[in-house]
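For reference, the structure is listed below as structure tokens.
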Amino acid sequence: MGGSERAGREGEQLALVGQAARTAPRARPRTWRNAPLAERLPVARVLVDKGLVHLDRLFDYAVPAAMDAEARPGVRVRVRFGAGQRDGRREGGRLINGFVVERRADSDFPGVLAPLAQVLSTEPVLSPGLLRLCRAVADRYAGALADVVQLAVPPRMARAERQPSPPAPPPPAPPGPGGWSRYPSGPAYLAALARGEAPRAVWTALPGPHWPDELARALATALAAGRGALAVLPDGRAAARADAALTALLGPGHHVLLTADAGPEARYRRWLAVSRGAVRCVVGTRAAMFAPVARLGLVALWDDGDAAHHDDRAPQPHAREVLALRAVQEGAAALFGGLSRSAESARLVETGWAGELAAAREAVRAAAPLVRTVGDGDQARDPAARAARLPTLAWQAVREGLARGPVLVQVPRRGYVPRLACARCRTPARCAHCHGPLAAVGAAEVLRCAWCGQDAPGWHCAECGGARLRAVVVGARRTAEELGRAFPAVQVRTSGRDHVLGAVPDRPALVVSTPGAEPVPEGPGYAAALLLDGWALLGRPDLRAGEEALRCWLNAAALVRPQAEGGTVVVLGEPTERAVQSLVRWDPAGHARRELADRSFLGFPPVARMAAVSGSPEAVAGLLGSLRLPASAEVLGPVPLPVAEPGRPRRPGDPPAGERWERALIRVPPGHGAELAAALKSAQAGRLARREGPPVRIRVDPQDIG
DNA sequence: AGCACGCCGACT
DNA sequence: GTCGGCGTGCTC
């Protein structure tokens with residue numbers, strides 16, 4: 001062995017490179033000895049299905065002649081991977097799954113290539129376009145390509161693959177503009193879609209039940225222009241509404257619904273129909289954001305502020321970011337719609353990436369209910385109202401509404417952790433150095449920033465100068481229960497995360513629901529809605545608290561009849577609060593603009609790009625030490641993370657029980673996000689390769705930085 | 001992460 | 001002279 005073996009190996013490699021490789025490399029598993037290689041393109045470049053950042057590259061394998069026809073780009077294969085190799089002798093290695101990415105004439109790998117072990121399926125599921133998208137998403141989030149591909153390509157179901165997909169129907173006739181006439185630039189947007197252009201718009205939908213039909217018309221217009229279309233909605237119920245609207249418009253056969261409800265096999269069958277080009281239009285929840293729609297002409301997203309658009313599997317991509325990448329990569333139009341508007345969408349408008357698609361003031365006023373506020377100062381003079389712990393105005397609105405139809409009562413979800421706010425004006429307490437949220441630490445209740453860890457002795461409210469703090473309190477569910485007692489003759493129905501009510505009939509009833517679970521009323525809409533405990537929503541330490549409160553309120557209030565038909569909404573919240581004012585004026589766009597301006601001033605996302613690095617103190621320090629950051633980057637912390645509470649369910653990303661973890665935040669100005677992600681990825685890869693202690697968790701665009 | 005290679009000390 | 005400890009480095 002030794003020297004002569006080495007020379008022989010190089011000879012073989014040269015032979016392989018020179019594509020005269022009729023004989024297999026000598027050192028290969030027994031079963032392949034003397035098996036011939038494919039004559040043309042004998043090398044397969046393979047993405048191995050291992051989400052390890054330091055292995056985040058492609059590997060070359062030899063293609064046996066017997067697999068030549070089947071080992072096409074995009075198919076699933078099994079390969080031996082992981083065993084060490086010495087002196088050209090190769091034994092074993094574990095069988096793992098992967099995807100053929102490319103067939104090549106040669107390899108730049110200096111050693112001997114192992115052969116593909118098996119072609120699992122001839123279905124080309126990872127197309128070049130999908131691979132390009134996955135790679136862009138992985139780069140954006142400092143994640144591993146294999147992790148993203150796992151989100152994008154559903155697991156194989158052999159039975160579904162055996163069935164042929166029905167032939168694609170011809171494009172439908174273009175639909176009329178329908179409700180889009182209610183928006184000044186609506187018909188022009190549809191016309192651009194119909195011409196096959198790629199207009200991008202942030203759409204603030206009018207309140208009421210028409211948005212699913214409008215969304216469907218936009219999708220159908222792209223289809224009629226001979227292109228594909230994709231709509232992502234936050235949950236199965238919203239997706240079902242869009243699905244029903246599309247079926248009403250086009251009939252069946254033109255689109256598929258991709259949601260978790262269908263079950264794995266049916267879902268894979270539908271996904272295959274899309275992948276094979278038999279269906280050109282997809283409606284679904286967030287996993288559908290990767291659906292390989294052919295000749296994509298439109299990506300649509302509904303309610304991008306909903307947290308459900310954030311995938312919780314690594315690297316936690318957000319549907320808005322993925323669809324925005326697709327719109328650019330695939331030259332598709334984009335329609336980001338909702339009843340409210342996120343600061344991120346506002347930024348897309350501000351930077352000119354998207355235009356604005358909103359109705360005129362009069363149209364908004366005609367469609368929206370009357371919104372009234374009840375502040376802390378209002379007293380409950382009516383005894384019945386006092387019994388329900390409700391201000392008079394709220395009690396009256398419920399009573400009058402119940403005379404005409406169902407009344408919605410929105411109560412906040414439990415599970416959020418309120419922190420500190422000014423006792424006088426309730427502005428959340430923030431750090432003077434980095435504007436992070438303040439928290440009381442330890443028994444001595446030292447005030448400390450949860451982001452940068454600096455103490456804040458002698459805190460004073462930036463708004464009103466107040467010096468006293470209060471914890472923000474919850475407790476509205478009981479109010480809703482007592483509400484039922486205040487109206488004993490009325491049926492009370494509840495809808496929440498575990499028991500979501502689909503629809504409610506158009507007759508008097510009290511419908512108590514948590515945000516996002518509101519039943520859609522049959523008929524003209526709720527007669528009234530009561531939005532309880534604005535303090536709980538607004539007092540959250542999250543920097544999105546105001547935006548999120550307004551989003552929840554608008555989604556509920558949009559189910560109420562217009563003011564002209566008696567629709568009334570009462571919100572319990574201080575009338576001076578920005579989110580409350582924006583609800584009263586029904587001005588989500590203005591609210592989002594002001595939110596964005598504030599966040600820009602404070603150096604918050606989405607104007608700044610942030611990443612969180614968490615793990616043991618040593619690991620975090622180690623990573624920060626080896627990180628080559630852009631000069632403009634700013635490191636906040638690290639600070640200790642709160643230890644897991646016994647009551648709260650553990651989510652991925654939480655520290656393991658009993659371990660104390662730290663977290664550092666890194667922020668960069670606009671335009672440096674890609675640099676930051678690349679730096680994080682290479683630092684992480686280096687640490688893992690050199691085995692420098694335990695790994696750290698890296699999150700780009702962390703959600704819980706409040 | 002696995003997993004194999006390889007260079008060191010206790011055994012046949 | 002050989003077995004096997006776990007430190008080190010690669011995975012086509």
Side-chain angles (χ1 to χ4, degrees), chain A residues 1-3 5-6 9-19 21 23-33 35 37-38 41-64 67-68 71 73 75-120 126 131 143-147 149-150 314-315 615-616 619 622-623 652 656 681-682 684-698:
Chain A
M1 295 248 169
E5 177 63 32
R6 186 186 197 86
R9 198 172 75 216
E10 275 164 16
E12 274 178 9
Q13 185 61 23
L14 282 175
L16 184 60
V17 167
Q19 69 165 311
T23 54
R26 207 183 304 163
R28 55 167 57 189
R30 301 179 64 85
T31 43
W32 293 106
R33 187 158 305 197
L37 288 188
L41 306 178
V43 174
R45 191 148 277 187
V46 172
L47 171 69
V48 297
D49 207 355
K50 270 196 153 220
L52 299 173
V53 181
H54 60 299
L55 292 179
D56 200 19
R57 57 208 161 97
L58 304 173
F59 293 86
D60 287 347
Y61 285 82
V63 180
M67 299 183 194
D68 184 25
V75 302
R76 300 182 213 248
V77 290
R78 284 175 83 72
V79 293
R80 296 210 172 267
F81 187 83
Q85 182 183 336
R86 284 292 180 282
D87 293 333
R89 186 184 303 280
R90 187 159 200 337
E91 298 296 339
R94 285 160 56 91
L95 276 173
I96 62 169
N97 291 351
F99 300 88
V100 174
V101 156
E102 193 188 354
R103 286 286 295 272
R104 300 168 60 93
D106 52 28
S107 168
D108 46 20
F109 180 63
V112 178
L113 299 185
L116 297 176
Q118 187 191 350
V119 175
L120 275 177
L126 184 60
L131 177 67
L145 176 60
D147 279 342
V149 168
Q150 234 165 51
S616 69
L623 185 114
K681 194 165 169 175
S682 83
Q684 171 88 312
R687 278 179 57 76
L688 283 166
R690 294 190 299 272
R691 293 198 173 184
E692 292 170 355
V696 293
R697 208 179 303 265
I698 292 173

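In what follows, chains carry the letters A, B, and so on, assigned in the order in which the sequence lines appear, proteins first and then strands, with residues in each chain numbered from 1.
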What's the closest nucleotide to the side chain of A:Arg94 if the choices are C:dT11, B:dA1, B:dC3? B:dC3

Of the nucleotides B:dA1, B:dC3, C:dT11, which one has an atom closest to the side chain of A:Phe59? C:dT11

Gap between atoms [atom1] and [atom2], on [X] and [N] respectively (whole Å):
X       : N      : atom1 : atom2 : value
A:Arg78 : C:dT11 : CZ    : P     : 21 Å
A:Asp56 : C:dT11 : CG    : P     : 16 Å
A:Leu47 : C:dT11 : CG    : P     : 17 Å
A:Arg57 : C:dC10 : CZ    : P     : 10 Å
A:Asn97 : C:dT11 : CG    : P     : 21 Å
A:Arg80 : C:dT11 : CZ    : P     : 17 Å

Distance check, rounded to the nearest 0.5 Å: A:Gln118 atom CD versus A:Arg80 atom CZ? 10.5 Å

Only counting residues at least two apart or in another chain, list the ones meeting side-chain contact (heavy atoms from CB on, under 4.5 Å) with A:Asn97. A:Asp49, A:Arg78, A:Leu120

Given 3.5 Å as the limit, does a donor-acceptor pair link the side chain of A:Tyr61 with the main chain of A:Val100, or not? no

Among all residues two or more places apart in sequence or in another chain, which pass the salt bridge (Lys or Arg N to Asp or Glu O under 4.0 Å) test with A:Arg103?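 Checked A:Arg103 against salt bridge (Lys or Arg N to Asp or Glu O under 4.0 Å); matches are A:Asp68.
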
